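Below: the structure, in structure tokens.
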Amino acid sequence: MDYKIIPFVWIVLATGFSCSNDPAETTKNFESFSGALTNKELLIITADHRTIKAYLSKPQGTHMDIVLALHGGTANLESSVDATKNYNDKPDGGKQFLDNGYAVLSLGYSEYENDGSKSDRGFKELTDVLAATDYILNDSLTKYDMTIDKTIAFGHSRGGNNALLAGIERPLHAVVAAEAPLDWAKTRDSIRAGVIPGSFDEIQKFEESVAKWTNDDFIKYSPGLRLEAFQSPFLIISGELDPAVLISIAEDVREDYLACNANGQCMDGGLFIFHERGHTDWAQTPGIMQEIQEFIK
């Protein structure tokens with residue numbers, strides 16, 4: 001294979017979990033959940049009383065593991081939801097998991113204001129992700145005759161960052177992040193220095209999305225800076241030809257993790273895969289999907 005793997009050691013996670021947030025949820029056009037289905041819309045109430053959309057897809061049966069699928073950044077709320085619903089048709093989306101017997105809960109973020117502003121990105125986005133995570137961990141799917149054993153978070157790009165944050169904030173079976181920025185401060189500095197190319201509009205949109213962030217916020221939303229806080233085993237996949245997310249950032253995070261783990265300050269269970277492709281074609285790397293399946297098993 002044409003990518004490199006850093007070995008990792010599995011750990012046993014405690015099964016006990018409690019959370020003060022117990023999001024309410026409703027469904028439209030209720031139907032039996034015992035058979036296969038695709039993109040069943042669920043409405044989840046967040047801790048700050050907003051409604052977010054999620055789409056449940058599942059194979060036949062009632063007993064299975066589930067993948068929380070988190071998409072990357074999009075231009076507006078409608079395309080964000082559309083990207084989530086169509087994720088099952090993309091090679092780096094939910095279909096690969098659905099075909100292998102996992103249920104998939106795809107999330108639509110609600111981070112945008114009514115005027116289309118991205119200035120609340122991060123603040124609302126993490127709240128949305130944790131609401132969906134808690135919805136699964138609190139056994140909310142049992143009402144639909146679904147028994148979930150293991151919860152896995154998976155995401156691409158910004159969604160990969162959010163998957164890692166979920167694995168920091170909650171004890172999950174595994175987290176898989178493809179082409180995630182990892183460190184927003186380094187990403188910001190690389191964009192401003194022109195190291196990461198982008199149009200004027202793209203740069204302005206990024207600046208707007210972090211306009212309200214303090215230094216503490218840059219750390220809070222950067223999983224690469226919170227290695228000691230991980231509660232879940234994680235797999236980080238990064239491409240050498242990715243123009244949007246520099247592989248050098250992932251290499252720095254790997255070195256930090258190895259040192260942190262060697263000192264006993266970070267949990268075991270971190271795996272890094274570096275490949276020779278880019279931001280959007282990483283899933284075409286030979287053997288990569290098999291590596292993901294082996295990791296989460």
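The structure presented is a predicted model; accordingly, all values stated were derived computationally and were not measured.
Separation of atoms CG (D256) and CG (N261) is listed at 12.5 Å; rounding is to 0.5 Å. Here the CZ atom belonging to F200 is positioned 12.0 Å from the NZ atom belonging to K205, to the nearest 0.5 angstrom. For the atom pair I247 CD1 and E240 CD, the distance stands at 5.0 Å (nearest 0.5 Å). For the atom pair NZ (K53) and OG (S106), the distance works out to 14.0 Å, reported to the nearest 0.5 Å. Distance check, rounded to the nearest 0.5 Å: CG of N162 to CZ of R158 gives 6.5 Å. Distance check, rounded to the nearest 0.5 Å: CZ of R254 to OG of S238 gives 10.0 Å.
Residues forming a salt bridge (charged side-chain N to carboxylate O under 4.0 Å, His left out) with D217 (at least two apart in sequence, or on another chain): none. Residues meeting the ring-ring contact (aromatic ring centres under 6.0 Å, His included) test with F234, sequence neighbours left out: F230, Y257, F272. With sequence neighbours excluded, no residue forms a side chain to side chain donor-acceptor pair (under 3.5 Å) with D65. By the side chain to side chain donor-acceptor pair (under 3.5 Å) test, D99 pairs with K95, sequence neighbours left out.
Linking ILVMFWY residues whenever their side-chain heavy atoms come closer than 4.5 Å, directly or via other members, places L137 and L164 in the same cluster. M64 and I136 fall within the same hydrophobic cluster, defined by Ile, Leu, Val, Met, Phe, Trp and Tyr side-chain heavy atoms under 4.5 Å apart, directly or through other members. Under the 4.5 Å side-chain heavy-atom criterion for ILVMFWY residues, a single connected hydrophobic cluster contains both F218 and L246. F206 and I219 are assigned to two separate hydrophobic clusters, defined by single-linkage of ILVMFWY side chains at heavy-atom distances under 4.5 Å. Under the 4.5 Å side-chain heavy-atom criterion for grouping Ile, Leu, Val, Met, Phe, Trp and Tyr, L235 is connected to I152 within one hydrophobic cluster.
Nearest heavy atom pair, residue G108 against residue H71, reads CA-NE2, 4.3 Å. The shortest non-hydrogen separation linking V175 to G167 is CG2-CA, 3.7 Å. T51 approaches L43 most closely through the heavy-atom pair CG2-CB, 3.9 Å. Nearest heavy-atom pair, G160 versus A177, reported as atom, atom and distance to 0.1 Å: O-CB, 3.4 Å. Summarising the geometry of I52 relative to A131, their closest heavy-atom pair is CD1-CB, 4.2 Å, with the distance given to 0.1 Å. The minimum heavy-atom distance linking G35 with K58 is given by the pair O-NZ, 2.9 Å.
Between N161 and Y221 the shortest side-chain heavy-atom distance does not fall below 4.5 Å. The side-chain heavy atoms of R277 and L241, taken from C-beta on, include no pair separated by under 4.5 Å. Contact annotation: the side chain of V129 never approaches that of T127 to less than 4.5 Å [non-hydrogen atoms, C-beta and beyond]. Contact annotation: the side chain of K150 never approaches that of Y102 to less than 4.5 Å [non-hydrogen atoms, C-beta and beyond]. Considering only heavy atoms from C-beta on, M267 comes within 4.5 Å of P233 through its side chain. No side-chain heavy atom of I236 sits under 4.5 Å from any side-chain heavy atom of I273. Under the 4.5 Å side-chain criterion, counting only non-hydrogen atoms from C-beta, Y55 is not in contact with L107. The closest side-chain heavy-atom distance from I292 to I237 is below 4.5 Å.
Distance alone, capped at 3.5 Å, places no donor-acceptor pair between the D281 side chain and the Q284 backbone. A distance-only check finds a donor-acceptor pair linking the side chain of R226 to the backbone of K220 [under 3.5 Å]. At distances below 3.5 Å, not a single donor-acceptor pair connects side-chain atoms of S34 with backbone N or O atoms of D145.
Open room surrounds CG on N215; 12 or fewer heavy atoms of other groups in view lie less than 6.0 Å from it. Taking a 6.0 Å sphere around NE2 of H63, one finds it holds more than 12 heavy atoms contributed by other residues, nucleotides or ligands.
For the disulfide (SG to SG under 2.5 Å) condition, the pairs that include at least one residue of residues 193-267, sequence neighbours left out, are C260-C266. For residues 182-193, every residue pair satisfying the side chain to side chain donor-acceptor pair (under 3.5 Å) rule, not counting sequence neighbours, is listed here: K186-D252, R192-E207.
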Full working for side chain to side chain contact (heavy atoms under 4.5 Å, CB included) between W213 and V210: CA-CA 5 Å; W213 289 15; V210 299; 3.7 Å; yes
Full working for side chain to side chain contact (heavy atoms under 4.5 Å, CB included) between F154 and V104: CA-CA 10 Å; F154 167 82; V104 177; over 6 Å; no
Verdict with supporting geometry, S140 and N138, side-chain hydrogen bond (donor to acceptor under 3.5 Å, both in side chains): CA-CA 6 Å; S140 299; N138 290 341; 5.5 Å; no
Pair L141-I66, side chain to side chain contact (heavy atoms under 4.5 Å, CB included): steps then yes or no: CA-CA 10 Å; L141 289 171; I66 192 166; 3.6 Å; yes
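Exactly one of D48, T46, T133 qualifies for a side chain to side chain contact (heavy atoms under 4.5 Å, CB included) with D128. That residue is T46.
No hydrogens or angles considered: a donor-acceptor pair under 3.5 Å links the side chains of H279 and S157. Looking at H275 and E179, their side chains do bring a donor and an acceptor atom within 3.5 Å of each other.
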